[in-house]
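Here is the structure we will look at.
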Amino acid sequence: MNVRTRFAPSPTGYLHIGGVRTALFNWLLARRHGGQFILRIDDTDQQRHVEEAVALILDGFRWMGMDWDEGPEVGGLHGPYYQAQRGDIYRAAADALIASGHVYRDYSSEAERNAERAAAEAGKKAYRFRRKHITDEQLAQFQAEARPYALRFAVPADRTITIHDLIKGNVEQKSSEIGDFVIVRPDGTPLYNFASVVDDAAMKITHVVRAEEHLANTFPQILMFEALNYQLPEFAHVPYVAAPGSKKKLSKRDGAVGLDEFINKGYLPEAMMNYLARLGWSLDASSEIFSRDQLVASFSLERVNSSPASHDPDKLFWLEGEWMKTLSMERKVNGVLPFLRKEGLVAEPLDEAARTRIEAVIAALGDRLKVFSDILALGRYFFTDAVAHDPDAVKKRLRKDGVVNMLREVDDVLAAVEPYDVATLEPAVHAFAEARGLPMGQVVNPLRVAVTGQGVGPGLYDCLAILGRDKCRQRIAATLEMLSASASA
RNA sequence: GGCCCCGUCGUCUAGCCUGGUCUAGGACACGUGCCUUUCACGCACGCAACACGGGUUCGAAUCCCGUCGGGGUCACCA
C-alpha cells in the first residue's frame, strides 16, 4: 500500500513543538514506507489567514529537514492545498450529501441554541443538537424570506462507531452521544469536521496521524466518510505533550515552546528531530541517539506511547551537545557566524584571518559549545576589547594575597616568551610557577580571570595564544589598575 | 456533569498484548569520586518508580473490577 500522510495546521502564527512532533511522526511514517507527506493549510475559519504564519511553518519544516511532497510552494495533483481555496470541492460534496439525504437545513437562531445549551448545562447534561421539526408552511416562509440556514449532518440514532486507532487501540462511541453537527455555515464556508474529511479523501490520505484532541472528532468524521462513500483511512491519535515536570498540557506559558525559539538560540535540527522523535516514541530499551536516516528506518506507530509525555528541556540540551560534537568545523563556523554578526563582533566582509580566528576559538571551546549562541556566552571576550570582569571570579581568584605581584611578574614572562604560542607559553608559565614555589592553580586561575574576565573557560594557554601577546598584556594591566583602584577606594 | 483517553524512577522510556527470566532495565537530570589549571568532556559509583484498593492465579508491573488523579470532548474553532 502506498502510504500518504498529512499535516494540516491552521496558520495561527507560531509553530508549537508539540505540533512539530505530530508533523514529524507523519513525515517519518511516510518516509518509512516510501510514501508521500502532504502539507495542507487548514484556514477555513481564519479570516486571519496570515501569509506570514504559513511562511513560519514552511521555514520551520525546512529547518527540520521535513520535506513535503505536496502542498504550498510545491503544488501537487490534489491541490489547492489551502482549504480557503477549495470551496468548489466542498460545495460538490455538500450537494452530494443533500442529495443522499444525510444533511438538512437548520434555520435555528443563535439565541435559540444558546438557550438550549444553557438548559443542558444547568441540568448537568451534555448538549446535543437534534433536528427541529418544521412544518411545510414554516419552511415555505423561511425560503420566501431567504432566511439563512446552516447545513447539519443528521446523525443516525442507534449506532456504535468504532475507531481502530493505531495508537489508542479500539475506541467506541454511541452515536447518541453525538449531536447533529454543522458542516456548512450559512455563508457557505465549511467546518473542520466536514472539510477535513473531504480533503483527506480527495488527497488520498491513508493514515491520519494527529493530536489526541481530535479523537472525539473522529466519530462524526467516520459517519461523514461513510455518508460520502469514501474509503476510511487509518487513524492514529498522538497524546499531547505536557509541560516540564507536569502532566498538564504544554502551553506558551511554560517557557520556550515555539520552534523558532530553539532555532534562534542556535539549536541543531538533528538534535531537535532526535529529541522530538524520542518524545513519546522509542525503538527499544536503550537506544537514544537517532540520526534522521535511522529514524526513517526504524519509526513505527506501534511503538508510539499511548500516554502523554512531558517536554524535557534538559534532555533536549543533552542531545544537542551530543549532536554538536559530531559537527564539522565548517558547519560550526557557519552556525556561529550569525550570532557574532548580530552583535557586530566580526568585520564585514569576513576575511581569512577572522575565519581562522573563529575556528581557533571553536577548537578551544571544544565540547563547551553546545548551542551556537554559546559562542556569545562563552567566547565573547575573544572578539571584543571590552572585557567585563565577572564579580564572582574576581572575588574568588583575584582578591587574594600575592596576586597583584604574581600578575606583574607573569606579565614579564609573557613579554619575554618567544614565540608566543601554546607550545612555548605552557612550559614558560610552568617554569615561572615552579621558580616562585607556587601551585599551578594559583598562577593559572588568576591569570585566566585577568585575561578573559571569566572564572571558567577553555584551557588557559589556548586563551593566551588566541588573544595574542598585546591583548593579554593590556588586559593584565587593566586588571591591575582595577584592583588597585577598588582596593584604595 | 455525560462520554472518551491516559496513569512504571523528578523526566524520557523498556517490560504489559503472549503472567514467572523484574530483588523492574537503559537514558536525562541530580549526588559522590576519579581525571584536571577552571569549566566542559570522559570514566566509576550512587539516589530514585510499577497511583491506590480489591479480585483471578501456585505466581501480577503484566489479566479483571473499583477508587483516585490527569487529559480530551460535548462550537455555525481547528
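Each chain gets a letter, A, B and so on, in the order its sequence line appears, and its residues count up from 1.
Taking only side-chain nitrogens and oxygens, A/Asn305 comes nearer than 4.0 Å to OP1 or OP2 of B/A14. For B/C12, the OP1/OP2 oxygens have a side-chain nitrogen or oxygen of A/Ser310 closer than 4.0 Å. The phosphate of B/G1 has neither OP1 nor OP2 within less than 4.0 Å of any side-chain N or O from A/Arg117. When the side-chain nitrogen and oxygen atoms of A/Ser282 are compared with OP1 and OP2 of B/C12, none of them lie within a distance under 4.0 Å. Here A/Lys174 does not reach the OP1 or OP2 of B/G2: none of its side-chain N or O atoms lies under 4.0 Å away. Put simply, A/Arg152 has a side-chain N or O that comes within less than 4.0 Å of OP1 or OP2 on B/C76. Contact between the side-chain N/O atoms of A/Arg397 and the OP1/OP2 oxygens of B/C39 is not found at any separation under 4.0 Å.
Among the nucleotides B/C5, B/U73, B/C41, the one closest to the side chain of A/Val171 is B/C5. In the set B/U38, B/A75, B/G42, B/U38 carries the atom at the smallest distance from any side-chain atom of A/Arg448. Ranking B/C12, B/G7, B/U37 by closeness to the A/Ser306 side chain, first place goes to B/G7. The side chain of A/Lys315 has B/G26 as its nearest neighbour among B/G26, B/A78, B/C5. Listed candidates were B/G25, B/A27, B/C41. Nearest to the side chain of A/Trp318 is B/A27. When distances are taken from the side chain of A/Arg303 to each of B/U13, B/G72, B/G15, the shortest belongs to B/G15. Among B/C74, B/C41, B/U38, the nucleotide with an atom closest to any side-chain atom of A/Ala126 is B/C74. Relative to the side chain of A/Arg185, the nucleotides B/U37, B/C28, B/C77 differ in distance, and B/C77 lies closest. For A/Arg368, the side-chain atoms get nearest to B/A40 when compared with the rest of B/U73, B/C76, B/A40. Out of B/A78, B/G42, B/A29, the shortest distance to the side chain of A/Thr44 is found at B/A78.
Remark: P of B/G70 and OH of A/Tyr240 are 10 Å apart, rounded to the nearest angstrom. The nearest whole Å value for the distance from the CG atom in A/Asp390 to the P atom in B/U38 is 17 Å. Rounded to an integer number of Å, the gap from CD of A/Gln173 to P of B/G72 is 17 Å. As a whole-Å value, the separation of A/Ile163 CD1 from B/U73 P is 14 Å. Nucleotide B/C9 holds its P atom 8 Å from the NZ atom of A/Lys247, rounded to whole Å. When rounded to the nearest whole Å, the span between NE2 of A/His214 and C1' of B/U73 equals 12 Å. For the pair A/Lys168 NZ and B/C6 P, the interatomic distance rounds to 5 Å; values are reported in whole Å. Summarising the geometry, the separation between CD on A/Glu212 and P on B/G7 is reported as 10 Å, rounded to the nearest angstrom.
Pair assignment for B/G1: B/C74, on the basis of Watson-Crick or G-U wobble contacts that are both within less than 3.5 Å. Applying the Watson-Crick and G-U wobble criteria (two distances, each under 3.5 Å), B/C52 pairs with B/G66. Figure legend. B/A61 is base-paired to no nucleotide; pairs are counted as Watson-Crick or G-U wobble with both atom distances under 3.5 Å. For B/U18, there is no paired base (Watson-Crick or G-U wobble, both distances below 3.5 Å). Partner assigned to B/C43 is B/G33, using Watson-Crick or G-U wobble distances below 3.5 angstrom.
The number of heavy-atom neighbours closer than 6.0 Å to NZ of A/Lys265, taken from other residues, nucleotides and ligands shown, is above 12.
Taking atom C1' in both B/C68 and B/G46, one finds a spacing of 34 Å when rounded to whole Å. Rounded to the nearest Å, the gap between the P atom of B/U8 and that of B/C63 is 14 Å. Across B/U56 and B/U13, the matching P atoms stand 35 Å from one another, rounded to whole Å. Atom C1' of B/U67 sits at a distance of 13 Å from the matching atom of B/G7, rounded to the whole Å. Nucleotides B/C50 and B/C45 have their C1' atoms positioned 25 Å apart, rounded to a whole Å.
The cationic atom of A/Lys370 (NZ for Lys, CZ for Arg) does not lie both less than 6.0 Å from the six-membered ring centre of A/Phe372 and within 45° of the ring axis. Under a cutoff of 6.0 Å and an axis angle of 45°, A/Arg147 and A/Tyr107 do not form a cation-pi pair. For the pair A/Arg40 and A/Tyr82, the cation does not sit on the ring face, since its NZ or CZ is not both under 6.0 Å from the ring centre and inside 45° of the axis. With a 6.0 Å cutoff to the six-membered ring centre and a 45° limit on the axis angle, A/Arg278 does not count as a cation-pi contact of A/Phe290.
Just one residue in the list A/Phe61, A/Phe37, A/Tyr81 forms a ring-ring contact (aromatic ring centres under 6.0 Å, His included) with A/Phe7, and that residue is A/Phe61.
Within the nucleic acid shown, A/Glu288 comes within 4.0 Å of at least one base atom, counting heavy atoms only. As judged by a 4.0 angstrom heavy-atom cut-off over every strand, A/Tyr127 is placed among residues touching the sugar-phosphate backbone only.
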Tell me, with the steps shown, if A/Asp43 and A/Gln83 meet side-chain hydrogen bond (donor to acceptor under 3.5 Å, both in side chains).
CA-CA 6 Å; A/Asp43 54 357; A/Gln83 290 192 325; over 6 Å; no
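Between A/Leu438 and A/Gln442, the closest heavy-atom pair is CD2-OE1, 3.7 Å.
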